[in-house]
2 protein chains.
Amino acid sequence: MAKKKSEFENPYEEKCSIVYAMSLIGAKWKIPVLWHLAHYEILHYNELKRHLKGVTNTVLTRCLRELEQDSIVLRKSDGSVPPSVTYELTDLGKELIPALNGLYKWGDDHKTNASKI
Amino acid sequence: MAKKKSEFENPYEEKCSIVYAMSLIGAKWKIPVLWHLAHYEILHYNELKRHLKGVTNTVLTRCLRELEQDSIVLRKSDGSVPPSVTYELTDLGKELIPALNGLYKWGDDHKTNASKI
DNA sequence: CGGAATCCCAATGGATACTG
DNA sequence: CAGTATCCATTGGGATTCCG
């Protein structure tokens, strides 16, 4: 689940569905990562990194690990040298696509000087 | 815009639409706030706070102020004593409703022990 | 190529108390 | 009721370096 134990420490203070959803995908780069995987279907690590201008290895890797642990993205690696690792959405992740597209479109409709992708 | 100046300090490193969207509504409580406003249409401050179990005054107020500055929520106050203040989505905020519902449904479909609202 | 290991830090979240 | 005012703590994001 990749989340703090304390979040459920009081069973009488459970979170609503939207808070739960955001606990899984609410980190700064997670939704951008998911949107790009939704858009390109499958990406190599460095491709993904290039699309997400500004993210560092540390952050991107942590982000992908958590999403993988939560079964939202799938990591595929052959053991070759040099390594080739791809990321794609799981079925669970694919269920987010409509919402991701909605967020993207909203941003796209209203941003002024951000780039298209 | 309620965001760090540094985010656009380099005009050649513009953000994609989804990153832009998240810069506006990506804070921990913003999407939960917006979803509840979408669901209930209009809420008093304390009603909203009750629905968002666990949020503190400081955080909720900061969150609402930013959303208000970004023209995503509308704050209505009569000047009465005791005060009565309501919050609702602006037209811009309402355009987020489909995406919010998508996120909510995803969380709802897959959470195990979070409460329904 | 696709990371891991460190270390660092500002920003955000949060606790508490108080108020017009 | 709807917030402010302080102050503290966390943590996630980031820079840098190194590696199989």
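Protein chains get the first letters and strands the later ones, always in sequence-line order, with residue 1 at the start of each. Worth saying up front: this structure is predicted, and the values here are computed from it rather than measured.
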* **Gap between atoms CG and C1', on B:Leu24 and C:dT12 respectively (whole Å)** => 17 Å

* Asked: Roughly how many Å is it from NZ in B:Lys30 to P in C:dA11, rounded to a whole number?
  -> 15 Å

* Structure fact -> Sequence neighbours excluded, the answer for side-chain contact (heavy atoms from CB on, under 4.5 Å) partners of A:Val85 is A:Arg75, A:Ser77, A:Tyr87

* **A:Arg65 CZ to D:dG12 P, straight-line distance once rounded to whole Å** => 17 Å

* Would you mind reading off the distance between A:Asp78 atom CG and D:dG20 atom P, rounded to a whole angstrom? => 19 Å

* Using only side-chain N and O atoms of A:His44, determine if any of them is under 4.0 Å from OP1 or OP2 of C:dC1. => no

* Partner residues of A:Glu88 under the salt bridge (Lys or Arg N to Asp or Glu O under 4.0 Å) criterion, sequence neighbours left out -> A:Lys76

* Structure fact -> With sequence neighbours left out, the residues meeting side-chain contact (heavy atoms from CB on, under 4.5 Å) with A:Thr61 are A:Tyr45, A:Arg65

* Asked: Rounded to the Å, how far apart are A:Ile42 CD1 and C:dG2 C1'?
  -> 15 Å

* Structure fact -> Sequence neighbours excluded, the answer for salt bridge (Lys or Arg N to Asp or Glu O under 4.0 Å) partners of A:Lys105 is A:Asp109

* To do: Establish whether A:Leu74 and A:Leu34 are linked, either directly or via other cluster members, by ILVMFWY side-chain heavy-atom contacts under 4.5 Å.
  => no

Please list, for nucleotides 13-17 of chain D, all pairs of protein and nucleotide N/O atoms separated by less than 3.5 Å.
{"residue": "D:dG13", "atom": "OP1", "partner": "A:Lys28", "partner atom": "N", "Å": "2.7"}
{"residue": "D:dG13", "atom": "N7", "partner": "A:Arg62", "partner atom": "NH2", "Å": "2.3"}
{"residue": "D:dG14", "atom": "OP1", "partner": "A:Lys28", "partner atom": "NZ", "Å": "3.0"}
{"residue": "D:dG14", "atom": "OP2", "partner": "A:Trp29", "partner atom": "NE1", "Å": "2.8"}
{"residue": "D:dA15", "atom": "N6", "partner": "A:Thr58", "partner atom": "OG1", "Å": "2.7"}
{"residue": "D:dT16", "atom": "O4", "partner": "A:Thr58", "partner atom": "OG1", "Å": "3.4"}

* Asked: Atom CG of A:Leu64 and atom C1' of C:dC1: how far apart are they, to the nearest Å?
  -> 15 Å

* To do: Whole angstrom is fine here: how far is it from NZ in B:Lys49 over to P in D:dA2?
  => 11 Å

* Asked: Hey, is the side chain of A:Arg75 poking within less than 4.0 Å of OP1 or OP2 on C:dG2, counting only N and O atoms?
  -> no

* Who pairs with A:Glu95 by side-chain hydrogen bond (donor to acceptor under 3.5 Å, both in side chains), at least two apart in sequence or on another chain? -> B:His110

* Over its full length, what angle do the end axes of the helix from C:dC1-D:dG20 to C:dG20-D:dC1 make, each axis taken from five pairs and the result rounded to 10 degrees? -> 70°

* **Check: A:His51 ring centroid to A:Tyr40 ring centroid under 6.0 Å** => yes

* Asked: Of all residues at least two apart in sequence or in a different chain, which pass the side-chain contact (heavy atoms from CB on, under 4.5 Å) check with A:Glu47?
  -> A:Leu43, A:His44, A:Arg50

* Expected output: side-chain A:Thr90 to main-chain A:Ile72 donor-acceptor under 3.5 Å -> yes

* Got a sec? Which of residues 80-90 of chain A come in under 4.0 Å of DNA chain D, heavy atoms? -> A:Pro83

* Using whole Å, report how far NZ of B:Lys76 lies from C1' of D:dC1. => 19 Å

* Note, B:Asn101 side chain near B:Trp35 side chain (heavy atom, < 4.5 Å) -> yes

* In chain order, what residues pass the side-chain contact (heavy atoms from CB on, under 4.5 Å) check against B:Asp78, with sequence neighbours excluded? -> B:Ser80, B:Ser84

